Amino acid sequence: MEYAFRNIERKWQENWKLGNAYRVSNQSAKPKYYVLDMFPYPSGAGLHVGHPLGYIASDVFSRYKRLKGFNVLHPMGYDSFGLPAEQYAIEHGIPPAVSTDQNIATFRSQLDKIGFCYDWEREVRTSDEGYYKWTQWIFLQLFDSWMDRTAQKARKLNELVEIFEREGNLNHPCPGEKNLAFAPMEWNGFSAHRKAEVLMHYRLAFCGIGEVNWCEALGTVLANDEVINGVSERGGHPVVKKKLRQWYLRITEYAERLLAGLQTVDFSDSMKEMQSNWIGKSFGAEIDFELVAENPSAEGKKLKVYTTRPDTLFGIDFMVIAPEHALVEHITSPQQSAGVAAYLDYVNSRSERERMAEKKITGVFSGAYCKHPFEERNIPVWISEYVLAGYGTGAIMAVPCGDERDFKFAKHFNIPITNIIGSYYDGTAANPTKEATLENSGFLNGLLMTDAMAVALDQLEALGIGKRQTNYRMRDAAFSRQRYWGEPFPIVWKDDVAVPLPESSLPVVLPPMTDLRPGPDAQGPLANLPEWAAVDGGTREVNTMPGYAGSSWYFLRYMDPKNTDSFCSREASDYWGQVDLYIGGTEHAVGHLLYSRMWTKALYDLGHIGFDEPFKRLVNQGKIGGDSRLVYRVRGTKQFVSAGLKDQYDTDELHVDVTMVDGLDLDMEAFKQWKPDFADATFITEDGVYKCGSRLEKMSKRYFNVVNPDDIVERYGADTFRMYEMFLGPVEQDKPWDTKGIEGVHRFIKKFWRLFFDTEKGLMVVDTPAADAAWKAFYKMVKKVEDDTARFSFNTAVSSFMIGVNDLTELHCHSKDLLTKFLVVLSPYAPHIAEELWAATGQPGSVLDASYPLVEEKYLVETSREYPLAINGKTRTTLMIDADASQADVEALVLLDPVVVKWLEGKAPKKIIYVKNKMINVVLG
RNA sequence: GCCUCGGUGGUGGAAUUGGUAGACACGCAGGACUUAAAAUCCUGUUCGCCGAAAAAGCGAGUGCGGGUUCGAUUCCCGCCCGAGGCACCA
């Protein structure tokens, strides 16, 4: 019987579906295990062979865990809100809801062909009303909460109001408005409007006017992580700063816990590093400097700077404040006012992009000075764009001998440089060392910089002119988009106050629209529906939520996807708990992962779930690159020259569709028919063959190197495809796709099939027990496969399968007992063939419900083994040694070995090293 | 510039990090079966030397240069190259 994979795979996919083979219950006596894939955005392009890599790995692992006796949750869904669908609607007039449904249908059929064990009854789509109702609900929880910094825990807003009434905000400084301070009396005297305004500065989801990244081309605001070098990540359009009313998540209040939480999860070092860099915690001091300015309005004001190097206090040569700094207008001297005004104009004229692209040294002297706290000297205060208004205090103390930027600034403006680090500073560049012994540094003289840090801080604090301060680089996350295809906010504006809608009016349904032009004043399309926006006594918020809203909590919805009373019942989230294994790409390192970690912490604080880190373990699958094929056109002609001869001509390089190339050989006829331009192409060949060039690059339509999994599955079957993707290399590593290599895995599967079936004789499986040698080969394989699967080394597991099948074929093993056990071990990787042969050999039920065979160690014990015998560390021969041999036994044997005798040349060895189960080394004198 | 991870045959990769470097595959070469093809099977395949060939042997070899060790792809020091991330964060 032939291995008819197409029929087999279709048959079992249907059977599994009909039998609900992958349905998972929230009630089970088995231990739970939650395996999650990062759900896809259903783009119009469909899947290419790179996408399923992580899905296959998680599928193999889920199936393995199931066989090991776990109740495994392994769901899938779609992150179906987002910009591309909206862009597509604008270009093609097809509503996002429609194109999204079509795309999902395509994705689903592609996924189905690969034979994943998803419980589709738990599917979620972020754009479904039943789903985004709860996204809106969670938003309301965040809106109605504040961070109690003392307890490091989010609390309900009404508790804050009680505190204000009792004690003002003395013990809970305002995160949104640093200098806001009020007593209980004052609070009680506030108008309702003022109270709302104050509370907004505390809310975890809040609205404010902010400078945002505005992208004219996309008509929307982008998050910091969506802007790369001043242009949009999507499309590369210019981005400028614009003041807009925006929603934000106060993620900065979670900075410390997001950082600390990294200690408790199993993410890769680089992933943890990316996140902690993003959070950007630094220790230092805020120091107040007395101002010396002519202007009366500077009277009594101080300049507060942030520094991480208080030890360099005596090296200050100038101060720099950001152009946006509030003090600018108060300290600019009359003589300098014209220059300062011109400089501010210049700064405003520069877009974010220009500022990032060309880092020119610019600045202007304000005319004002600061007093040095410990020395009789005045320090000039400069204004420059290299100091950022949004970080620290927006002002710095410049120490040019130790800081490169300060050094360049000093050199550029001819400001004299004080050296406090002796020979560490050579006058040509700053030296940021912490190892120097301080000089010219008053009371810090003679101290090592690392020690001076604390001494300086103590002194500053004692004098009341400075204090220790921790800063974070992370900013609050912009949470609104001027777009249509996202969750509407459950907010109504009444008299300029944001009023949350009651839970009973959720979901706020996104109204159907076909014309998705932006609304007036940089508002989204929803602003074009005044009748929708108008509600009793107010207007709806017309922004929508960003793409990461729905993806921040989807892993919770899978636990209880049909619940209409709650986003997820507490029983369900208590049962499933954290995601045990999360598989996805590294591109979400700082976006999605940080947001979902924050949402999880907030839901935990508010008592809705029982854990505060969503993902226990994260594995990042690598990207599969495309293997492009190139042809070379002789410039200005229709002549194409083969790769080996191209250097003899002046050529242009063009990508050709990889499907027209076999290895490197171009199908010239297909090429001529490919595009009208090439119909009359001629070829300069190498012996009649046109050889293409090749290049590894991103798999993309534009390079014609996209390989569709459907085609591979059609040609080789899903089992071959799954195993080949695993065989390609370590999951976490980037690697190129090579369609030719799949033959090897396909041959292996066919060879496996032949252990069961012979083309002529039919079923070969026999009841005779397997020979010990077969059991030995088998259990050796099982042990390796299980080890490898457990540690995500799927590629080596596949090669162990190959070795196993090669061994059993050689041993002519057709024993039913052994082979049916083999099916169980193989089934996570190749479920279809395993199920088919399970049934063919008359096994009851499904191989999915079998249990993983236990390795019988007795077959693996060895009474003796072959040791490599090295002479001076270089392997020369091998030697059989009994397991119970002593050092003396081994030495005696070694000295008899002819190879050793030859090398010894009659002399005695210096030493004989015998490491049990490893090797033997003879050291010559 | 800083941080993280890498660099092994013609190719993908293995050696579960101090113990036989190149498992398992792809490709290639040769052969068997076949009228032929497909499929399948067998042999060889890191480089160099010695040899008609085979066997055996010798030397070199995991980006480069040093070091530690009986023994290094693995550990240490100094470079080079590649991928990804961050980038005026004081």
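Order of the sequence lines sets the chain letters (A, B, ...), proteins ahead of strands, with each chain counted from 1. Keep in mind it's a predicted model, so treat the numbers as computed, not measured.
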Report yes if some heavy atom in the side chain of A:Val658 is under 4.5 Å from a heavy atom in the side chain of A:Tyr703; otherwise report no.
-> no
Are the side chains of A:Ile913 and A:Lys918 in touch, meaning some heavy atoms are under 4.5 Å apart?
->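 Contact flag for A:Ile913/A:Lys918 side chains = no.
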Could you go step by step and tell me if A:Ile421 and A:Thr312 meet the side chain to side chain contact (heavy atoms under 4.5 Å, CB included) rule?
-> CA-CA 9 Å; A:Ile421 51 175; A:Thr312 63; over 6 Å; no
Expressed as a whole number of Å, how far does the [atom1] atom of [N] sit from that of [M]?
N: B:C64; M: B:A56; atom1: P; value: 29 Å
N: B:G18; M: B:G7; atom1: P; value: 16 Å
N: B:C24; M: B:U45; atom1: C1'; value: 15 Å
N: B:G13; M: B:A23; atom1: C1'; value: 10 Å
N: B:G63; M: B:C80; atom1: C1'; value: 7 Å

Please work out whether the ring planes of [X] and [Y] are parallel, tilted or perpendicular, with thresholds of 30° and 60°.
X: A:Phe61; Y: A:Phe794; value: perpendicular
X: A:Tyr724; Y: A:Trp737; value: perpendicular
X: A:Phe409; Y: A:Phe413; value: tilted
X: A:Tyr391; Y: A:Tyr306; value: perpendicular

With a 4.0 Å cut-off, would you call A:Arg309 and A:Asp311 a salt bridge?
->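 Salt bridge between A:Arg309 and A:Asp311, a charged N being under 4.0 Å from a carboxylate O: yes.
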Among [options], which nucleotide sits nearest the side chain of [X]?
X: A:Leu388; options: B:C88, B:C70, B:G19; value: B:C88
X: A:Val915; options: B:G19, B:G57, B:U20; value: B:G19
X: A:Ser799; options: B:G19, B:U20, B:A23; value: B:A23
X: A:Arg754; options: B:G19, B:C24, B:U40; value: B:U40

Would you mind classifying the nucleic acid contact of [X] as base, sugar-phosphate or nothing, using non-hydrogen atoms under 4.0 angstrom?
X: A:Ile803; result: sugar-phosphate
X: A:Arg876; result: sugar-phosphate
X: A:Lys902; result: sugar-phosphate

Examine [N]: is either OP1 or OP2 under 4.0 Å from a nitrogen or oxygen in the side chain of [X]? Give yes or no.
X: A:Arg473; N: B:A87; value: no
X: A:Ser282; N: B:A90; value: yes
X: A:Asn806; N: B:A25; value: yes
X: A:Trp903; N: B:C58; value: yes

Assign a letter to each nucleotide of [range] from its 5' end: B, base within under 4.0 Å of a protein heavy atom; S, sugar-phosphate only; -, no contact.
range: nucleotides 72-81 of chain B; value: ----------
range: nucleotides 43-51 of chain B; value: ---------
range: nucleotides 4-17 of chain B; value: S-------BSSSB-

Just by distance, do the side chain of A:Asp403 and the backbone of A:Pro432 share a donor-acceptor pair under 3.5 Å?
->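 Answer holds: no.
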Contacts of [X] that satisfy side-chain contact (heavy atoms from CB on, under 4.5 Å) - sequence neighbours left out:
X: A:Asp787; answer: none
X: A:Gln263; answer: none
X: A:Leu457; answer: A:Ala285, A:Pro310, A:Arg468
X: A:Val890; answer: A:Ile881, A:Ala885, A:Val894, A:Tyr914, A:Ile920

Go through the side-chain N and O atoms of [X] and [Y] and say whether any donor and acceptor fall under 3.5 Å apart.
X: A:Asp788; Y: A:Thr796; result: yes
X: A:Tyr343; Y: A:Thr362; result: yes
X: A:Asn471; Y: A:Ser282; result: no

Any pair with a residue in residues 741-757 of chain A that passes side-chain hydrogen bond (donor to acceptor under 3.5 Å, both in side chains), sequence neighbours left out, goes on the list, sorted by first then second residue, please.
-> A:Tyr716-A:Glu743, A:Thr720-A:His746, A:Lys751-A:Asn806
Name every residue in residues 745-753 of chain A that has at least one heavy atom under 4.0 Å from any atom of RNA chain B, in order of residue number, or write none if there are no such residues.
-> A:Arg747, A:Lys750, A:Lys751
Of all of residues 390-401 of chain A, which get a heavy atom below 4.0 angstrom from RNA chain B, listed by number?
-> A:Tyr391, A:Ile396
Please, what dot-bracket string fits RNA chain B when only Watson-Crick and G-U pairs with both distances under 3.5 Å count, crossing ones use [ ] and pairs to another strand use |?
-> (((((((..(((......[....)))((((((.......))))))((((.......))))..(((((..]....))))))))))))....
Audit row: A:Ile912, A:Leu895, side chain to side chain contact (heavy atoms under 4.5 Å, CB included) steps and yes/no | CA-CA 10 Å; A:Ile912 294 175; A:Leu895 291 174; 4.2 Å; yes
Starting at CD of A:Glu587 and ending at C1' of B:A83, how long is that distance when rounded to a whole Å?
->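 A:Glu587 atom CD is separated from B:A83 atom C1' by 15 Å.
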Side chains of residues 869-880 of chain A: which donor-acceptor pairs under 3.5 Å do they make with residues two or more places apart or in other chains?
{"unit_1": "A:Asn872", "atom_1": "OD1", "unit_2": "A:Leu924", "atom_2": "N", "d": "3.1"}
{"unit_1": "A:Thr878", "atom_1": "OG1", "unit_2": "A:Glu866", "atom_2": "OE2", "d": "3.3"}

